[in-house]
Amino acid sequence: MPTLDPRLSTTLVDLNEPQRRAVTHRDGPLLVLAGPGSGKTRVITRRAAYLVQTGVPPHNVLAITFTNKAADEMRRRIDALGVSRGMWVHTFHALGVRLLREFGPLARVQAGFSIYDEADQLRVVKEAMALCGVNESLVRPEAAQSAIGAAKNRLESPAEYVERAEFFDTQVIARVYEAYEQLLEQRNAVDFDDLLMRVALVLRAHPEIVERLNIRFRYVLIDEYQDTNHAQYVIAHYLAQHHRNICATGDPDQSIYAWRGADLNNILDFERDYPDAVVVRLEQNYRSTGRILQVASALIAGNRRRKHKDLWTENAAGEPAEVWRFSEGQAEAEEIGGTIVRLHAAGRPYSDVAVFYRVNALSRGLEEALRARGIPYKIARGVAFYNRKEIRDTLAYLRVSVNPADEVALRRIINTPPRGIGSATVGRLLAAAERSRRPLLEVLRDPIEQAALKTAGKKVRAFVELLDRIQAATTGTVAQAVSATLTLSGLEAALEKERDDGGEDRLANVRELVTAAQRYDQEAEAPSLADFLNRVALVSDQDAVDESAGVVMLMTLHAAKGLEFPIVFIVGLEQGLLPHENALRERGDIEEERRLCFVGITRARERIILSHAAQRVIRGVPTPRAPSQFLRELDPAATVVHSFERALADGRVLGAASNRVRAEAPDADGFVPLDDHLPPEESRRRSRRKTRWSRDEFADREDLEIIAAAAEVGAASSPYGAWKPGTFVRHDVYGVGQVVWIRPGGGQTRAAIQFAGCGEKTFILELAPIQKLERR
DNA sequence: TGGAGCGTAATTTTT
DNA sequence: TTACGCTCCA
């Protein structure tokens, strides 16, 4: 019996009963179902501390999260409890990198491997398609990319994928997948999915490695278990195989990554996988007011695939949730901006406020409104920095010097900045590489090839010499390597010139990269250029959320998970946006959209405002919008509706259906004429009044449906009413085809057309050069 | 070779 | 609205 750690009482203090049970559970599988705001992070960190304080060496504990930010946060909090030394706290992907570094050869990767992000990956997919002779109009490269990613999540090799491929296009993709894998191998590169897949496959094939890892990691904690995909599930399974000390925490109601392969069944079936599992439910919420919780609970009750929880709180009931309705999307942004100004004037720090949206495109209007009012804000977009051209260019140089086989990076920098090696020369070199089956860089170095190129050959030689000089300069600290690369490559000079010519100051951005490298040099345990590059590759948007920045935060609903703010706005609660159009389609998942909305609402501590507009400018086109079906699913007893609609010049009121007495026929534009017997002033006054939704009123209130109907009529009255599946059409480029399906929505009409020569393609009819063929 | 200019297509969420 | 790819011209 180990002596009890004196710190143990601190570890267990201020925990409620279920929390304490979860923290002090020692051996065997444990499932913690943690509702929003129920102190889940606290439980995980305390549990890690508890294990250590009761005698488990820290290096025997492995904690896995999904985001770097969560990992850092957990490490920090465990640190604060004084026990983190030697403990492994990683994201699944970072764990993948570390393990691949250890047993890489078993997974067909060599030291210094590159990690390809989505953009790199797409390049390789395109290359693979070209290699297979697959035309990009036959299979969209993005489609192939996501099919390959999905296959990897299922741990399917190209050969296994082929077996399942029934249809022509999947057979094509199977060939592309195979070529893609070969290209990655030649380049000593892995993509994001490989970081999981290859680890999972190694574990499956090598019991001795599993054994070794099981000895090393006696306790495994996995956070956000509801977001694990099949590959992650398999990894978790093997990591806990012998000792079965797996602690999974999560909440099925907050699973929002099914589109990326997350399998809700992993958490729903945990008790089947581990029949002896102890299950702890954390249902007491410490975050939100009673009404916020009430509204959220009513909403999520609409889902079938879940584990029931009774969320409750001792917090005050608070204010009702608010639904704000606008006639136009811009008014929504303006009103939110104005409200934030007033809140701030009343003493609220900006950081008390966050605005969430379903799609990034919605941030623009908000940004403009905030900027116009001088409200400081930040958008949670971590990758934005690393996606800048100048940053990617710099990193490409570094990648080549760590991994000379990295052809994607090599091709990126071969003529950046311009050095007279144009596409014709590159084309010749690539052909030579393919002919002689040698890596591109080897061909570049070949004096014979250089000579064959005549004048360009000299430039190629200068380029490889440059690469050698850069490689020689990358031996010191990472920061030194980065700045030497900038100077030697000529990037610095090029950017300087661009700035002096009055262009953007992109030099400042690459200087920031040097700063980031300096920070890394100081913080990393064993800094190396390769590790720095790996780390940079795994940066995500979520990591950029800085709640302590003192500014209003703007982010997608996905990025909002795990955060909390006193005042939360969720904008664009409209059909097609939330739930998103894709989810409304045949195989879409409405429940996931509902969870997304649930996640958003439960971020709020004091006040939640859900807004929608009857019309919104999308891609420059004013589009009628119907309110989200989720608005109808909120608990009306805890909800209040506030209309900000305004009459138009001609007296019509967009979206002000709340003033209606009975439904009227929509006019030709698809808008319901409202209150046109009232003078505009009266109409405006009425539409501004605050309405409280009583249950009855809510029940037979038609307004939402009416607006929805108006939107639909708007779409149906489009010139494509007569287009049906089977209708023959002619496209200026693809020729004659036949409509497969047609769907109005969001002011645009989408249709899939099957063409004789080149397969099925989807169009926005309003924009595509396409006509109906008339029967004659 | 490389830049400018044009047309076309696309837009969900991200480790 | 923007991004990308393609063609054309200096």
Side-chain angles (χ1 to χ4, degrees), chain A residues 64-71 90-97 115-119 121-122 126 136-137 140-142 146 149 152-153 191-196 224 227-229 231-232 255-262 356-362 364-365 380-384 387 389 415-427 455-456 459 537-544 555-561 572 576-585 588-589 592-593 595-597 599-600 617-621 731-734 746 748 750 761-764 766-769:
Chain A
I64 305 176
T65 62
F66 269 81
T67 66
N68 296 306
K69 184 166 176 268
H90 283 303
T91 65
F92 263 109
H93 293 264
L95 177 70
V97 171
I115 299 172
Y116 279 5
D117 68 10
E118 232 127 81
Q121 197 186 0
L122 189 61
K126 285 180 178 171
E136 289 190 12
S137 62
R140 277 190 25 247
E142 291 81 5
S146 78
K152 289 189 171 187
N153 283 167
D191 59 30
F192 285 151
D193 302 311
D194 279 327
L195 293 175
L196 307 174
E224 308 283 14
D227 286 332
T228 48
N229 63 28
Q232 289 161 330
S255 163
I256 53 177
Y257 287 107
W259 53 273
R260 220 176 66 198
F356 305 153
Y357 34 81
R358 176 67 230 266
V359 296
N360 275 311
L362 285 188
R364 186 170 302 126
R381 277 227 194 109
V383 292
N387 274 339
K389 180 184 179 307
N415 200 31
T416 311
R419 50 173 68 89
I421 307 176
S423 52
T425 309
V426 173
T455 50
K459 291 167 176 164
L538 296 178
V539 168
S540 76
D541 281 355
Q542 309 248 311
D543 304 326
M555 67 188 85
T556 63
L557 283 161
H558 283 88
K561 191 169 72 162
L577 222 41
L578 182 66
H580 192 272
E581 211 169 327
N582 294 351
L584 293 168
R585 292 208 181 135
D589 188 356
E592 178 144 316
E593 299 293 307
R595 292 193 291 267
L596 207 42
C597 191
V599 165
V617 176
I618 292 177
R619 276 212 286 286
V621 185
H731 186 280
D732 285 0
V733 178
Y734 302 112
Q748 293 173 331
R750 283 167 191 277
K761 293 185 73 71
T762 307
F763 299 96
I764 293 169
E766 282 80 0
L767 304 175

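No hydrogens, no waters, no symmetry mates; every other heavy atom, side chains included, goes into these values. In what follows, chains are A, B, ... by sequence order, proteins preceding strands, each numbered from 1.
Put simply, the side chain of Val97(A) reaches to within 4.5 Å of the side chain of Leu195(A), judged on heavy atoms. Contact check for Asn360(A) versus Thr556(A): side-chain heavy atoms found under the 4.5 Å cut-off.
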N/O-N/O pairs, protein side and nucleotides 2-6 of chain B side, under 3.5 Å:
unit_1, atom_1, unit_2, atom_2, d
dG2(B), OP1, Gly420(A), N, 2.9
dG2(B), OP2, Asn415(A), ND2, 2.8

Distances for protein N/O vs nucleotides 3-10 of chain C N/O pairs under 3.5 angstrom?
unit_1, atom_1, unit_2, atom_2, d
dG5(C), OP1, Lys126(A), NZ, 3.4

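Of the listed nucleotides (dT1(B), dT12(B), dT14(B)), dT1(B) has the atom at the smallest distance from the side chain of Ala424(A). Closest approach to the Phe192(A) side chain among dT12(B), dT15(B), dT11(B) is made by dT15(B) (side chain taken as heavy atoms from C-beta onward). Closest contact between the side chain of Arg358(A) and the listed nucleotides dT14(B), dT12(B), dA10(B) involves dT12(B). Comparing dT13(B), dT15(B), dT11(B) by their closest approach to the side chain of His558(A) singles out dT13(B). Comparing dT11(B), dT14(B), dT12(B) by their nearest atom to the side chain of His580(A) picks out dT12(B).
Distance, Asn360(A) CG to dT13(B) C1': 8 Å, rounded to whole Å. When the P atom of dA10(B) is taken as reference, atom CD of Glu142(A) falls 8 Å away, rounded to whole Å. For the pair Leu577(A) CG and dT11(B) P, the interatomic distance rounds to 16 Å; values are reported in whole Å. Nucleotide dT13(B) holds its P atom 10 Å from the CG atom of Leu362(A), rounded to whole Å. Note: CZ (Arg140(A)) to C1' (dT11(B)) measures 11 Å, nearest angstrom. Rounded to whole Å, atom P of dT14(B) lies 19 Å from atom CG of Asp191(A). Regarding Gln121(A), its CD atom lies at a distance of 16 Å from the P atom of dT14(B), rounded to whole Å. What separates CD1 of Ile115(A) from P of dT14(B) is a distance of 19 Å, to the nearest Å.
For the pairing with His558(A), the ring-ring contact (aromatic ring centres under 6.0 Å, His included) check across Phe66(A), Phe356(A), Tyr257(A) returns one residue only, Tyr257(A).
Distance check, rounded to the nearest 0.5 Å: CG of Leu584(A) to CD of Glu593(A) gives 7.5 Å. The distance from the CG atom of Asp191(A) to the CG atom of Asp117(A) is 10.0 Å, given to the nearest 0.5 Å. Atom OG of Ser255(A) and atom CZ of Arg595(A) lie 4.5 Å apart (nearest 0.5 Å).
Of all heavy-atom pairs spanning Ala456(A) and Thr425(A), the tightest one is CB-OG1, 3.7 Å.
Summary of the strand contacts: His93(A) and Thr425(A) both lie near DNA chain B, and taking for each the nucleotide with the nearest heavy atom, the more 5' one is attributed to Thr425(A). The 5' end of DNA chain B is approached more closely, in terms of each residue's nearest nucleotide, by Ala456(A) than by the other of Ala456(A) and Glu592(A).
Taking a centre distance below 5.5 Å and an interplanar angle below 30 degrees as the stacking criterion, Trp259(A) stacks against the six-membered base ring of dT13(B).
Annotation: side chain to side chain donor-acceptor pair (under 3.5 Å) contacts of Tyr357(A) (sequence neighbours excluded): none.
Spacing between dC4(C) and dT13(B) at atom P, rounded to whole Å, works out to 15 Å.
Nucleic acid contact class of Glu118(A) (heavy atoms, under 4.0 Å, all strands): base.
Contact check on Asp227(A) versus Arg260(A) returns no salt bridge, with no Lys/Arg side-chain nitrogen under 4.0 Å from an Asp/Glu carboxylate oxygen.
Of the possible donor and acceptor atoms, none in the side chain of Asp589(A) sits under 3.5 Å from a partner among the backbone N and O of Ala258(A).
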